[in-house]
Amino acid sequence: MSNTFVDAYPRQSRLIRQAFLTSFVALGVGAFFGLLQALHRTDIWRPIESSTYYTVLTGHGVFLVVSFTIFFLVGVYQWAVTESLEREPVDMRFTWFWYGAMVFGTLLAAIAILAGFTDAIDISADVLFTFYAPLQGHPLFYIGLVIFVVGTWLAGADWFRTWWAWTKDNPDKRIPLPTFMVLTTMIMWYISSIGVAASIILFILPWSIGLIESLNPTLTRTLFWYFGHPVVYFWLLPAYLLWYILLPKLSGGRLFSDPLARVVFILFVLLSTPVGIHHQYLDPGIAEGFKYIAMTNTMFLLLPSLLTAFTVVASMEHGARQRGGTGYLGWLKALPWREPAFTGMALAGLVFAFGGFTGIVNAGMNINYLVHNSLWVPGHIHTQVGTAVALTFMAGSYWLIPQLTGNRLVGRGVALFQVLLWFVGIVFMTNSMYRGGLIGMPRRTAEPEYDGFEYEIAAGSVGELNVQLALGGVLLFVSALLFLSLMLLTLFNNDSEPIDERTIPAPLSGPEDSPAVLDNLKLWVAIAAVLVVLAYVVPLASIASRGGLFGPDVSPFPVSLETIVSVQFITTVAESLLANLGR
Ligand code: HAS
Ligand code: CU
């Protein structure tokens, strides 16, 4: 077997490099917007008007939590399926087609967002990454999101098709673990993205085009959060795949348990969707009982991550002991802390542990009243997506990009400094956000309301918190720039030695130790569907009956059936779309 992925799969490597490059461009733009926000909110540097703050914040959110994360996901998952099945897609044209659809959708949404910077054209989408109605963006934004999501659905279909073809040649084999992780992630994604697709296609897009006069914001918010919690695991699970597959290898050991990893990913399929109302504890119009059910389900949802903490750390310990590590904790010293890919992922895991426990705080209905819509929540966001996911993706790239190019990583020492800088920056910034949230600082405000008077708190004043937030924001931006520079230099670096072997060592406890039922994907889809129906049918029905499908006192069919089939309707839609696109 050749020693790098690009030797074995040159065509795949090209597509995966494209996906990673697209992801990195989004990282660069999103990180720059993050710097602007951090300095604006703390009144340190305000090159933008406060009226533009929400354009910047929407760009920051969408380019980072949608484009950066999901383009990286499709790159990692394409690598994982190809590597573990030792098989290329059935038809590369289809593969390039879904990648192209994702890029096209992203461009449409980006045009709508970035047009917000100029009054020259009447297009904008200052709706933030959660695009809650009654905030309304240009139809282009929603059409772009729909095309992007369809692109991801096709990507999943491509991976299922590759696996299906593989099963024909390997009828009795268990699903290789990396492919199992990809397929279960996509099952979770198909189940959960139904919510956001319904919200946009049935309600928000027709409303933004002017086809319907009104909508029911509680209904569209609930459909968003039906999707909104699982989407965080759509960002997290590629990071988990790298922690399960690469971290043991980099530690010099082997994955502790394949069966436990399968159980973890099945738990995410079953439990990720029936919890979304934990983002809506303070929403009116949703009965407390439904909120209580979401809270209970959320507590069960801690299990897969706690199992991950155990398995991954046990695998790291195994690796450390192979390297001569001894003692209850002394083995930690034997880990390869000079390897940027390892240290970045280990630090990401440490921060994730802390961020996970703040998730438990969020999930407690009563304590959530304290932190909801405060700066605490962006603190949680940046320890989770901003570090567990983003730092793992950057650290993983230090191993993956050499595999995909055959080029040696340029600046290994700088790469180690970059991951440490990210860790220090995120500690400063999120510490400030968490503490600021606890004294009532609001989130999503260009002009924080507390300006002009200082809260005197035990740990210093708002001034100290602002300095921490700004300092953290600057360190993160510098770290992101360093990462992007190293990636660029490595892409164009000609020398190719030394590059790590691409082989992934077999787990200590392999698939043969896990019950075959774990691979029965149909069973898990069926159970997940039942749990979703139990968690959402009654709340959605009650929200729709209380506030109407399209708003109070609006007929459930605001556009009559006869109209829909008439030619006049088609022309109306075309005219209003054109009129809007030209707006
Ligand atoms: Fe969250 C809000 C609850 C996980 C992202 N979350 C958000 C928002 C985002 C987000 C973006 O219940 C804001 C949305 C908005 O704009 O309004 N979250 C949770 C819970 C978890 C959780 C219970 N969140 C995530 C992940 C995210 C993410 C993962 C992104 C990737 N979250 C909430 C709630 C809200 C919320 C409420 C609403 C707040 C409000 O009121 O608006 C759980 O999944 C967390 C489980 C994790 C753990 C940690 C396990 C530890 C591990 C570390 C292992 C260590 C290693 C390294 C590998 C219990 C796995 C060791 C190193 C060595 C050297 C040994
Ligand atoms: Cu959530």
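Counting convention: from 1, in listed order, for ligands and their atoms alike.
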What residue and atom, counting heavy atoms only, is the protein's closest point to atom 3 (C) of ligand 1, and at what distance? Gly359 O, 3.4 Å
Tell me, which protein residue and heavy-atom name are nearest atom 59 (C) of ligand 1, and how many Å apart are they? Leu306 CD2, 3.8 Å
Would you mind checking which non-hydrogen protein atom is closest to atom 61 (C) of ligand 1, with the distance to 0.1 Å? Val313 CG2, 3.9 Å
Show the atoms of ligand 1 that are less than 4.0 angstrom away from any heavy atom in Phe129. 16 (O)
Look up atom CH2 in Trp422 and atom CZ in Phe483, then write down how far apart they are to the nearest 0.5 Å. 9.5 Å
For the backbone of Trp376 and the side chain of Ser374, can you confirm whether one donor and one acceptor N or O come within less than 3.5 Å of each other? yes
Can you tell me which portion of Met365 lies within the under-4.0 Å heavy-atom range of ligand 1? Options are side chain, backbone, both, or neither. neither
Please work out, at 4.0 Å between heavy atoms, whether the side chain, the backbone, both, or neither of Trp225 comes within that distance of ligand 1. side chain
Give a yes or no on whether the backbone of Gln384 and the side-chain of Thr387 come within a donor-acceptor separation of less than 3.5 Å. no
On a heavy-atom basis, I'd like to know which of Met295, His279, Met316, Met345 is closest to atom 38 (C) of ligand 1. His279
What are the atoms of ligand 1, with element, lying closer than 4.0 Å to any heavy atom of Thr298? 23 (C)
If we only consider heavy atoms of Arg443, is any one of them less than 4.0 Å away from an atom in ligand 1? yes
Plane angle bin for Trp159 and Tyr77 - parallel if under 30°, tilted between 30 and 60°, otherwise perpendicular: perpendicular
Going by the order shown, which atoms of ligand 1 are within less than 4.0 Å of some heavy atom of Val389? 31 (C)
What is the name of the N/O/S atom in His229 that sits closest to the Cu ion (ligand 2)? ND1
Measure up the Tyr190 and Trp153 rings against each other and bin them: parallel (under 30°), tilted (30 to 60°), perpendicular (over 60°). tilted
Return the orientation label for the Tyr132 and Phe224 ring planes: parallel under 30°, perpendicular over 60°, tilted otherwise. perpendicular
Give the single entry among Tyr240, Trp235, Tyr233, Phe342 that approaches atom 21 (C) of ligand 1 most closely by any heavy atom. Tyr233
Would you say Trp235's side chain and Val65's backbone share a donor-acceptor pair under 3.5 angstrom? yes
Would one find an N, O or S atom of His229, in either backbone or side chain, under 2.8 Å from atom 1 (Fe) of ligand 1? no
Exam field: side chain Ser432 to backbone Phe428, donor-acceptor pair closer than 3.5 Å: no
Distance to 0.1 Å, residue and atom name: give those for the protein heavy atom nearest to atom 50 (C) of ligand 1. Ser305 O, 3.8 Å
If you compare His380, Met299, Gln280, Gln384 by their heavy atoms, the one closest to atom 10 (C) of ligand 1 turns out to be His380
State the atoms of ligand 1, each with its element, that fall below the 4.0 Å cut-off from a heavy-atom position in Ala363. 12 (O), 37 (C)
If the plane angle is over 60° it's perpendicular, under 30° parallel, otherwise tilted; pick one for His60 and His382. parallel
Which is it for Val312 and ligand 1 at heavy atoms under 4.0 Å: side chain, backbone, both or neither? side chain
Option set Tyr244, Trp337, Phe234, criterion heavy-atom distance to atom 64 (C) of ligand 1, minimum: Trp337
Please verify whether a non-hydrogen atom of Leu301 lies at under 4.0 Å from ligand 1. no
Looking only at protein heavy atoms, identify the closest one to atom 29 (C) of ligand 1 and say how far it is in Å. Phe352 CE1, 3.5 Å
Is it true that the side chains of Tyr233 and Thr185 contain a donor and an acceptor less than 3.5 Å apart? no
Would you say that more than 12 heavy atoms from the other residues, nucleotides or ligands in this model lie under 6.0 Å from the OH of Tyr328, or not? no
Which ligand 1 atoms are under 4.0 Å away from a heavy-atom of Asn368? 39 (C), 40 (C), 41 (O)
Side-chain heavy atoms of Thr430 within contact of Val351, under 4.5 Å: no
Among Leu301, Leu302, Asn297, side-chain contact (heavy atoms from CB on, under 4.5 Å) partner for Met299: Leu302
If you consider just the N/O/S atoms, which atom of His279 is the closest one to the Cu ion (ligand 2)? NE2
Heavy-atom distance under 4.5 Å between the side chains of Leu375 and Leu469, does that happen here? yes
If we ignore angles and hydrogens, is there a donor and acceptor under 3.5 Å between the side chains of Thr311 and Ser257? no
I want to know if ligand 1 touches His372 in the polar sense, i.e. an N/O pair below 3.5 angstrom. yes
What atoms of ligand 1 come within less than 4.0 Å of a heavy atom belonging to Val377? 13 (C), 40 (C), 42 (O)
Between Phe148, Phe24, Phe393, which is the residue that forms a ring pair (Phe, Tyr, Trp, His ring centres under 6.0 Å) with Phe71? Phe148
When distances are taken from atom 31 (C) of ligand 1, the protein heavy atom at minimum range is Val232 O, 3.4 Å
Option among Pro507, Pro505, Ser84, Pro178 that satisfies the side-chain contact (heavy atoms from CB on, under 4.5 Å) test with Ile245: Pro178
Which protein non-hydrogen atom lies closest to atom 53 (C) of ligand 1, naming both residue and atom, and how far is it? Gly349 O, 3.4 Å
Strictly under 4.0 Å, does any heavy atom of Ala346 approach an atom of ligand 1? yes
Atom 11 (C) of ligand 1: closest protein heavy atom, distance to 0.1 Å, is Ile381 CG1, 3.5 Å
Checking Ser67 side chain against Leu64 main chain: does a donor-acceptor pair fall under 3.5 Å? no
For ligand 1, is any non-hydrogen atom under 4.0 Å from Val65's backbone (N, CA, C, O), its side chain (CB onward), both, or neither? neither
Atom indices of ligand 1 within 4.0 angstrom of Gly356 heavy atoms, with elements: 45 (C), 47 (C), 48 (C), 49 (C)
Could you tell me, atom by atom, which parts of ligand 1 come under 4.0 Å of a heavy atom of Leu236? 29 (C)
